[in-house]
Amino acid sequence: MFTTEEFSILRSEEIYEAVKANIERKPTDIALDRRIPHASVVATQVKNLQKCRTKLPSYFAVQAIVPTLAYEQSSSEECALRKRLAGESVLDLTCGLGVDSFALAKRFKRVVTLERNEMVAAVARENFRRLGADNIEVVCSSAEEYLASCTEHFDWCFSDPDRRGEKGEKLVRLEDCSPDVVALMPTLQKIADRICIKCSPLFDVDEAFRLFGDCSVETVSLSGEAKEVNIYIDGSTPRLTAV
């Protein structure tokens, strides 16, 4: 993730224009171009934005600030928009780059999204500003801290738990991910009418029914590739679907 200084550079009009002017060039050529201010920073952003062209077209269109790791871990906009959530208000426990929050903002009047890392939260706020998503509030807090003092009620609660361990290892059990939505479920059901949990495409769907009982499970593929498994705890008839 960026330092405060790097983030300040990326927010500047000078760098915004430099990225715009060089968006179709090879990043390696940009990095070696002495005419470009902060050439290495511009090169990295151009590289990440070029990757975003198909996966995150809205982010590409507004030249969002895209950290490398955040891009690699983000949903595609197409998958994010597929989720069957809508209403007045939604709480997103796991902001990250904010792709799911941005999709939710198209279907809810108000989105509250949580991000425990201050710099990631700052990047998300800047990107939502560029995207014109003024109905999203980014709160710098862990899910556990926010829920402990939450007095508001939401139509939906959404979570895409972090599936990386402290050493970067991949986690399989939902209870080991962060936040632990299994442990938090009693609290989540008090503050939200319905809950959606996004899981890895490798998630065992039988685990969803074991952990949550009466829920619906939806496996999502895009262009023939499995992308995610969504669990809906919303009072609907339990079922397993593939889309």
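Within a 6.0 Å radius of CD in E17, more than 12 heavy atoms belonging to other residues, nucleotides or ligands are found. Counting non-hydrogen atoms of neighbouring residues, nucleotides and ligands closer than 6.0 angstrom, the CD atom of Q50 exceeds 12 such neighbours. When the shell of 6.0 Å around CD of E152 is examined, it contains more than 12 heavy atoms from other residues, nucleotides or ligands.
L104 and V139 end up in different hydrophobic clusters when Ile, Leu, Val, Met, Phe, Trp and Tyr side chains are linked at under 4.5 Å. Residues V243 and L240 fall into different hydrophobic clusters, defined by Ile, Leu, Val, Met, Phe, Trp and Tyr side chains chained together at heavy-atom separations under 4.5 Å. Hydrophobic clustering, with ILVMFWY side chains joined whenever heavy atoms are under 4.5 angstrom apart, groups V99 together with F128. Hydrophobic clustering (side-chain heavy atoms under 4.5 Å, transitive across Ile, Leu, Val, Met, Phe, Trp, Tyr) keeps I195 apart from L85. Under a hydrophobic clustering in which Ile, Leu, Val, Met, Phe, Trp and Tyr are joined whenever their side-chain heavy atoms come within less than 4.5 Å, directly or via other members, W156 and V229 fall into different clusters.
Distance alone, capped at 3.5 Å, places no donor-acceptor pair between the H38 side chain and the L10 backbone. No donor-acceptor distance shorter than 3.5 angstrom exists from the side chain of R110 to the backbone of I136, with no hydrogens or angles considered. A distance-only check finds no donor-acceptor pair linking the side chain of S101 to the backbone of V111 [under 3.5 Å]. The main-chain N or O of T219 is never found under 3.5 Å from a side-chain atom of K227 such that the two would form a donor-acceptor pair. Of the possible polar contacts, one joining the T44 side chain to the S40 backbone as a donor-acceptor pair under 3.5 Å is found. Looking only at distances, no side-chain donor or acceptor of Y146 sits under 3.5 Å from a matching main-chain atom of L93.
A cation-pi geometry, defined here as NZ or CZ lying under 6.0 Å from the six-membered ring centre and within 45° of its normal, holds between R84 and Y232. With F108 as the aromatic partner, K106 does not meet the cation-pi criteria of under 6.0 angstrom to the ring centre and within 45 degrees of the ring axis.
Salt-bridge formation is not detected for the pair E218/K198: no Lys NZ or Arg NE/NH1/NH2 atom is positioned less than 4.0 Å from an Asp or Glu carboxylate oxygen. A salt bridge between D162 and R116 is present, with a side-chain N of the basic residue lying under 4.0 Å from a carboxylate O of the acidic one. The pair K83-E228 meets the salt-bridge criterion, since a charged nitrogen lies less than 4.0 angstrom from a carboxylate oxygen. Using a cut-off of 4.0 Å between Lys/Arg side-chain N and Asp/Glu carboxylate O, R11 and E6 are scored as not salt-bridged. With respect to the salt-bridge test (charged N to carboxylate O, under 4.0 angstrom), the residues E77 and R53 do not qualify. Between D33 and R25, at least one side-chain nitrogen of the basic residue sits less than 4.0 Å from a carboxylate oxygen of the acidic one, meeting the salt-bridge criterion.
Partners of K26 by salt bridge (Lys or Arg N to Asp or Glu O under 4.0 Å), not counting sequence neighbours: none found.
One finds the CG atom of L188 at 14.5 Å from the CZ atom of R194 (value rounded to the nearest 0.5 Å). Going from atom CG of N22 over to atom CD of Q45 covers 13.0 Å, rounded to the nearest 0.5 Å. Annotation: the span from I9 atom CD1 to I15 atom CD1 amounts to 7.0 Å, rounded to 0.5 Å. Interatomic distance, M185 CE to I233 CD1, rounded to the nearest 0.5 Å: 3.5 Å. How far CD1 of I231 is from SG of C215: 6.0 Å, rounded to the nearest 0.5 Å.
In summary, of the residues considered (V220, D100, L81), a side chain to side chain contact (heavy atoms under 4.5 Å, CB included) with S75 occurs for D100 alone.
When all heavy atoms of N117 and M119 are compared, the closest pair comes out as OD1-N, 2.9 Å. Nearest heavy atoms, Y16 versus Q63: O-NE2, 3.0 Å. Taking every heavy atom of both residues into account, L114 and S142 meet most closely at CD1-O, 4.2 Å. Residues V120 and G96 come closest through the heavy atom pair CG1-O, 3.6 Å. Contact between L49 and F60 at its shortest, heavy atoms only, is O-CD1, 3.1 Å. For the residue pair A105 and N135, the shortest heavy atom distance occurs at O-ND2, 3.0 Å.
Side-chain contact between L97 and P67 is present, with at least one heavy-atom pair separated by less than 4.5 Å. Looking only at side-chain heavy atoms (C-beta outward), F7 and V123 come within less than 4.5 Å of each other.
In summary, the side chains of D160 and T94 do not present any donor paired with an acceptor at a separation below 3.5 Å, with no hydrogens or angles considered. For the 3.5 Å distance criterion, the side chains of T113 and E137 fail to qualify, holding no donor opposite an acceptor. S178 and R163 share no donor-acceptor pair across their side chains, judged by distance under 3.5 Å alone.
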Under the criterion side-chain hydrogen bond (donor to acceptor under 3.5 Å, both in side chains), I'd like the reasoning laid out for N127 against R130: C-alpha separation, chi angles, the key distance, then a yes or no.
CA-CA 5 Å; N127 285 339; R130 296 185 184 190; 5.0 Å; no
Between V90 and K109, is a side-chain contact (heavy atoms from CB on, under 4.5 Å) present by the stated rule, with each step listed?
CA-CA 9 Å; V90 58; K109 289 185 177 180; over 6 Å; no
Pair I65, F2 - check side-chain contact (heavy atoms from CB on, under 4.5 Å), show working.
CA-CA 10 Å; I65 296 174; F2 312 119; 3.5 Å; yes
Would you sort out whether K51 and V66 count as a side-chain contact (heavy atoms from CB on, under 4.5 Å), showing the intermediate values?
CA-CA 10 Å; K51 292 179 181 178; V66 183; over 6 Å; no
What's the verdict on side-chain contact (heavy atoms from CB on, under 4.5 Å) for D92 and V112, showing C-alpha distance, side-chain angles and the deciding distance?
CA-CA 6 Å; D92 181 353; V112 176; over 6 Å; no
